[in-house]
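Heads up: numbering here begins at 1 and tracks the sequence.
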Amino acid sequence: QPEGQGALVRSNHPIGIPARPQPHSVATAFILNSIALYGRLLIRLIGRGRGPNYRNTVVSYEIEELAVGELKPWAKNARTHSKKQLRPIGDSITTFGFTNPVLIDADNTILAGHGRVEAAKLIDMSHVPCVRLEHMTLAQKRAYVLADNKLALNAGWDEELLAEELQALMGVEDLDFDIGVTGFEL
């Protein structure tokens, strides 16, 4: 058959990928490409269900330095932080730096990091690092605020390794911070 009318084009691929039929015309090529594109889109939409599905997606986020006063706590944050708990968080920030940015939405509402923001106020920080998450629905935000606080509580400790790590820290001669900043009382 002449090329352009359903003819097979020979494959010169080194691993022998079979030749594929060529479309009959430009219009047919457009239709086939549209169907393929629509199919991929449909698969994505079906896979997402009711809301966006970011499974297996890695997104790069920018860190913004925002004034503490610009941040709003999540109105129904069920997690509480006592002054007694905020002091060690502040000590950790002072010792190690603000290493875990506050997660906020488009309106500067805190999704994760309420305790860190309160501790930053306690140690007179005027600005904190923030990562803006704008891809979540309201329901996802509500669930994330709960999950962020609860999931870490579900973890356990390998008591033997913990003891080894604390012993190793206590053995460091020129340690320039109090081991209590780890949150463990010795």
Picking from Thr94, Asn100, Val102, what satisfies side chain to side chain contact (heavy atoms under 4.5 Å, CB included) with Phe98?
Val102

Suppose the criterion is salt bridge (charged side-chain N to carboxylate O under 4.0 Å, His left out): which pairs have a residue in residues 98-116, not counting sequence neighbours?
Asp105-Lys141

As a test of understanding, state which of Asp176, Asp178, Val181, Thr182 forms a side chain to side chain contact (heavy atoms under 4.5 Å, CB included) with Thr95.
Val181

Can you tell me how far OG1 of Thr109 sits from CG of Leu133, rounded to the nearest 0.5 angstrom?
12.0 Å

Heavy-atom count check: over 12 atoms from other residues, nucleotides or ligands less than 6.0 Å from Glu134 CD?
yes

Identify, with sequence neighbours excluded, every residue that meets salt bridge (Lys or Arg N to Asp or Glu O under 4.0 Å) alongside Arg142.
none

Is there a side-chain contact between Lys83 and Leu122, using heavy atoms and a 4.5 Å cut-off?
yes

What closest approach, in Å, do Ala119 and Gly90 show between heavy atoms, and which atom pair accounts for it?
CB-N, 3.6 Å

Val145, Val131: one ILVMFWY side-chain cluster at the under-4.5 Å cut-off?
yes

State plainly whether one hydrophobic cluster holds both Val117 and Leu111, where clusters connect Ile, Leu, Val, Met, Phe, Trp and Tyr through side-chain heavy atoms under 4.5 angstrom apart.
no

If I compare all heavy atoms of Leu146 with all of Ala78, which pair ends up nearest, and what's the gap?
CD2-CB, 4.5 Å

My understanding is that only residues two or more places apart in sequence, or in another chain, count here; which of them pass side chain to side chain contact (heavy atoms under 4.5 Å, CB included) with Leu162?
Trp157, Glu159, Leu166, Phe184

Applying the 4.5 Å side-chain criterion to the ILVMFWY set and letting contacts propagate, would Val68 and Ile104 be lumped into a single cluster?
yes

The reported gap from CG in Asp148 to NE2 in His114 (rounded to nearest 0.5 angstrom) is 9.5 Å

How many angstroms lie between atom CZ of Arg87 and atom CD of Gln85, to the nearest 0.5 angstrom?
12.5 Å

Treating Ile, Leu, Val, Met, Phe, Trp and Tyr as nodes and any side-chain heavy-atom pair under 4.5 angstrom as an edge, say whether Leu71 and Ile123 lie in one connected cluster.
yes

Looking only at non-hydrogen atoms, find the nearest pair between Ile110 and Trp74 and report the distance.
O-CB, 3.3 Å

Taking salt bridge (Lys or Arg N to Asp or Glu O under 4.0 Å) as the test, write out the residues that go with Glu64, two or more places apart.
Arg132

Here the pair of heavy atoms bringing Gly115 nearest to Leu86 is O-CD2, 3.5 Å

Pairing residues for Lys121 by the salt bridge (Lys or Arg N to Asp or Glu O under 4.0 Å) criterion, not counting sequence neighbours
Glu118

Check for me, please, whether Phe177 and Met170 land in the same ILVMFWY cluster - side-chain distances under 4.5 Å, paths through other members count.
yes

By side chain to side chain contact (heavy atoms under 4.5 Å, CB included) - contacts of Leu161 (at least two apart)
Asp158, Glu164

Roughly how far, to the nearest 0.5 Å, is CD of Glu165 from CD of Gln167?
11.0 Å

pair Leu103-Met136: side-chain heavy atoms closer than 4.5 Å:
no

